[in-house]
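A short worksheet on the structure shown next.
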Amino acid sequence: GENVEQHPSTLSVQEGDSAVIKCTYSDSASNYFPWYKQELGKRPQLIIDIRSNVGEKKDQRIAVTLNKTAKHFSLHITETQPEDSAVYFCAADSGANNLFFGTGTRLTVIP
Amino acid sequence: DAGITQSPRYKITETGRQVTLMCHQTWSHSYMFWYRQDLGHGLRLIYYSAAADITDKGEVPDGYVVSRSKTENFPLTLESATRSQTSVYFCASHTAGIAFFGQGTRLTVV
């Protein structure tokens, strides 16, 4: 089955700086890569996603890039704000609506 | 209230007891999933269901049982709870690959 690895496990940045979280996947058949944000004590929620026919997607301060050849994708958050502090999960869908999640990155934005 | 809801939100049970976590969705999504979330392990899939009466094992199914007699409900049962099953459990429904999570159930086995 699919194996998703996520790095780093923790990340601290100063407010206003950028944050980058990286994931790799193993199944070349995976074609959908969402990112979820989980605030403390809350449920994970989708923040951005990318499909395999696209190399980059942006939504305001967040962007995701995908390199299918290398089987890795990344989340980029620019101009970080304290409310960006959360745990972020990447995931890969290898088909049949079966999402495989990374182990999560705890992002702390220091005011 | 539309969406996906879990009950109870918090549960403390004793080792060896049977406990059932409930999950209900109002969208009629075909796919439903149960994950457990533990520090350092992220979200691990326990069981999933592609439709009513169709279920399949995920990454960590041992000690759990599921059923799906109706599309909207997907209960998870711990047949004989163990301390290693202390965790936060999330139910989710999927459509077009997008997962919608319930609020989670924090289960403590003492």
Non-hydrogen atoms of chain A under 4.5 Å away: do they reach the side chain of [X], the backbone, both or neither?
| X | result |
| --- | --- |
| B/L43 | both |
| B/Q37 | side chain |
| B/F101 | both |

Does [atom1] in [X] sit with more than 12 non-hydrogen atoms of other residues, nucleotides or ligands closer than 6.0 Å?
| X | atom1 | answer |
| --- | --- | --- |
| A/E79 | CD | no |
| B/K11 | NZ | no |
| B/I12 | CD1 | no |

From A/F100 CZ over to B/E59 CD, what is the distance, rounded to the nearest 0.5 angstrom?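 Reported to 0.5 Å precision, the distance equals 8.0 Å.
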
Heavy-atom pairs under 4.5 Å with chain B, option from A/D49, A/T103, A/V87 with the top count: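 Result: the option with the highest number of such pairs is A/T103.
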
Cluster question for you: counting only ILVMFWY and a side-chain heavy-atom cut-off of under 4.5 Å, with indirect links fine, are [X] and [Y] together?
| X | Y | answer |
| --- | --- | --- |
| A/V54 | A/W35 | yes |
| B/I4 | A/I47 | no |
| B/V60 | B/V65 | no |
| B/Y48 | A/V4 | no |

Give me the atom names and distance for the closest heavy-atom approach of A/Y36 to B/I98.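 The pair with the smallest heavy-atom distance is OH-C, 3.8 Å.
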
Taking all non-hydrogen atoms of both residues, which atom of B/F90 and which atom of A/P44 are closest, and how far apart?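 Heavy atoms only, the tightest pair is CE2-CD, 3.8 Å.
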
Region of A/Q38 in contact with chain B, defined by heavy-atom distances below 4.5 Å: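 Contact with chain B involves the side chain of A/Q38 alone.
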
Using the side-chain contact (heavy atoms from CB on, under 4.5 Å) rule, take B/F100 and A/L46 through it: C-alpha gap first, then chi angles, then the decisive distance, then the call. CA-CA 8 Å; B/F100 297 89; A/L46 179 71; over 6 Å; no

Would a 4.5 Å heavy-atom cut-off, applied to side chains only, mark A/L99 and B/H94 as touching?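 A/L99 reaches B/H94 side chain to side chain.
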
